[in-house]
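One structure below.
Residue numbers start from 1 in every chain, and the chains themselves are labelled A, B, ... in the order their sequence lines are given, proteins ahead of strands. In what follows, every heavy atom counts, from backbone to side chain, and hydrogens, waters and symmetry copies are set aside.
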Number of protein chains: 2
Amino acid sequence: MEGIVTSLDSSPQAVQGAENAQGTSRGHGPQPVHATEAAKQIPPAAVARLTIYLRALNTLLSDGVERVSSESLAEASGVSSSTLRKDLSYVGSYGTRGVGYEVQYLSRHISAALGLTHDWKVAIVGAGNLGKALARYGGFESRGFDVVAIFDADQMVVGNEVGWLRVSDAADMEAVLQRTGANMVVLALPATVAQAVCDRVVAAGVHSILSFAPVMLQVPAGVNLRKVDMATELQILAYHAQRAQTPDQTA
Amino acid sequence: MEGIVTSLDSSPQAVQGAENAQGTSRGHGPQPVHATEAAKQIPPAAVARLTIYLRALNTLLSDGVERVSSESLAEASGVSSSTLRKDLSYVGSYGTRGVGYEVQYLSRHISAALGLTHDWKVAIVGAGNLGKALARYGGFESRGFDVVAIFDADQMVVGNEVGWLRVSDAADMEAVLQRTGANMVVLALPATVAQAVCDRVVAAGVHSILSFAPVMLQVPAGVNLRKVDMATELQILAYHAQRAQTPDQTA
DNA sequence: CGATGTGAAAGAATTCACAGCG
DNA sequence: CGCTGTGAATTCTTTCACATCG
């Protein structure tokens, strides 16, 4: 019998910032440790989980819980307590030995480490069902993401209200991105046009893109692209299900 | 020279091995159940990528391409050719040395390895924007996933048409799941009700669940749960963006 | 030849186990 | 004491390099 099979995505490939060739050869001296908050590099897998801890902490916070142990936060997040403590160690030492973590304090520090101290402005490209769903998704604002625009190329859709926004014409994308100061874009459009739109978005200066289009997009160095694909997720489930259903090949 | 920064999911957290059901780790007799050691278990990271190769192969197929090398398939999939060949080696040896792979032949074998030889019946719970978007998403049918039902608890929504389906009353979920033979469920509903609905789905005998709800769901051993979270993805992007914006404070 | 398939090496991520401190 | 924080051990992934075979 299988055990719990919760799997969450994460990010395999690291982001190689524009020219972030740090690490290796350093002329002299160690890392430029900044006085305030050291900016170490957090392993990708840990970054993915930190967002989960953050959500769990915020839930605790709204429940009025003030302190939490690594053990119970780990359980609430679906990871082992050793993984949790290791992950937190990348952020800093914000716990009290023998006691645990102060919820709000830890939450604040994780947020800071993830760069969530200021709001990010998100534009959604594609006002189909998915784009609309995303635009109305309440989970964004509460987490520091501000949806500032939504685009579509279909003139029948341009001008429609979606949430408290109005659909902009994709033809004006560059101008609107500029005007609204969007620094993240979510692609919620068909595979066929995804690459072309992606190229325009990149040319417009956006460096962070989340794509829901079921294609492999090519982006230049320095651009951070993540991908979510429903079909892929179902296929992975299918693999595990099939495996479970074949309990005994009884050769 | 690729500076491509694509990141794709993967699956970090793997299947909690055998019975290590999380929970308060109150270990009571470990069950050394490794019976049914399936000879060929594919590493999680490889499974995730195989779905990508599959998509790339199908694209090639519809373009009329008949053969492909590991090099070019790898490029189309955004991975290194050595990773691709290693991944394929978990599935079997279906290439021809000195030549490459026959597209259709390889596609078929990967499909088989992933358990996509028969159609899976998917029920969607939640007919809000996201649920509707998923129900109409064309990418499912073409990949062997059949959406057989969509539920909602809101009586205003029950009975509405979504694609070629009609929204069923969530109150009848168990009966409809049974009747339609659904063996996978997608949760597209608010965090507040996700756990309760998840429990019902599990009780109804579904072992494969894909959740879009922004909460950590608890499921019993033997149930396969995957999670997709938009906010998490954006937060990960934020982390990288913030890091890129602070290239080197050495000043 | 030329590209696959695969041991072996290198590199990450996770788990262990315990030192250290409140 | 109890729980955090962390080096060390373990396990999983990716990359390398080349034997292998069409």
Minimum-distance nucleotide (side-chain atoms of [X] versus [options]):
X       : options               : result
A:Lys86 : D:dA8, D:dT4, D:dT13  : D:dA8
A:Ser80 : C:dG5, C:dT15, D:dT14 : C:dT15
A:Ser70 : D:dT6, C:dT14, D:dT4  : D:dT4

query = Where each residue is assigned the nucleotide of DNA chain C containing its nearest heavy atom, which of A:Gly98 and A:Ala46 is assigned the position nearer the 5′ end?
reply =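 It is A:Ala46, whose closest nucleotide lies nearer the 5' terminus.
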Just how far, in rounded Å, is [atom2] of [N] from [atom1] of [X]?
X        : N      : atom1 : atom2 : value
B:Leu106 : C:dA3  : CG    : P     : 17 Å
A:Tyr105 : D:dT4  : OH    : C1'   : 14 Å
A:Asp87  : D:dT4  : CG    : P     : 14 Å
B:Gln41  : D:dC12 : CD    : C1'   : 11 Å
A:Glu71  : C:dC16 : CD    : P     : 12 Å
B:Tyr94  : C:dA3  : OH    : P     : 23 Å
A:Leu84  : C:dA13 : CG    : P     : 17 Å
B:Glu102 : C:dA3  : CD    : C1'   : 16 Å

query = Got B:Leu114 and A:Gln242 here, is their nearest side-chain heavy-atom distance under 4.5 Å?
reply =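 They are not in contact (no side-chain heavy atoms under 4.5 Å apart), so the answer is no.
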key: 4.5 Å side-chain heavy-atom contact, A:Leu237 and A:Glu233   =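 They are not in contact (no side-chain heavy atoms under 4.5 Å apart), so the answer is no.
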Any [X] side-chain nitrogen or oxygen under 4.0 Å from OP1 or OP2 of [N]:
X        : N      : result
A:Thr96  : C:dC21 : no
B:Thr83  : D:dT14 : no
A:Tyr101 : C:dG22 : no
A:Ser82  : C:dT14 : no

key: Side chain B:Arg85, main chain B:Ser70, donor-acceptor under 3.5 Å   =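 No.
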message = Distance check, rounded to the nearest 0.5 Å: B:Phe212 atom CZ versus A:Met230 atom CE?
response =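 Interatomic distance, B:Phe212 CZ to A:Met230 CE, rounded to 0.5 Å: 5.5 Å.
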inquiry  = Under a 3.5 Å cutoff, is there a donor and acceptor pairing between the side chains of A:Ser107 and A:Asn58?
reply    =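 Per modelled atom types, A:Ser107 and A:Asn58 side chains form a pair under 3.5 Å.
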request  = Please evaluate the base of C:dG20 for a donor-acceptor partner in the side chain of A:Arg97 within a cut-off of under 3.5 Å?
outcome  =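 In this structure, the two groups form a donor-acceptor pair.
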Residue whose closest nucleotide on DNA chain D lies nearer the 5' end, B:Arg85 versus B:Tyr90 =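 Comparing both residues, the 5'-ward one is B:Tyr90.
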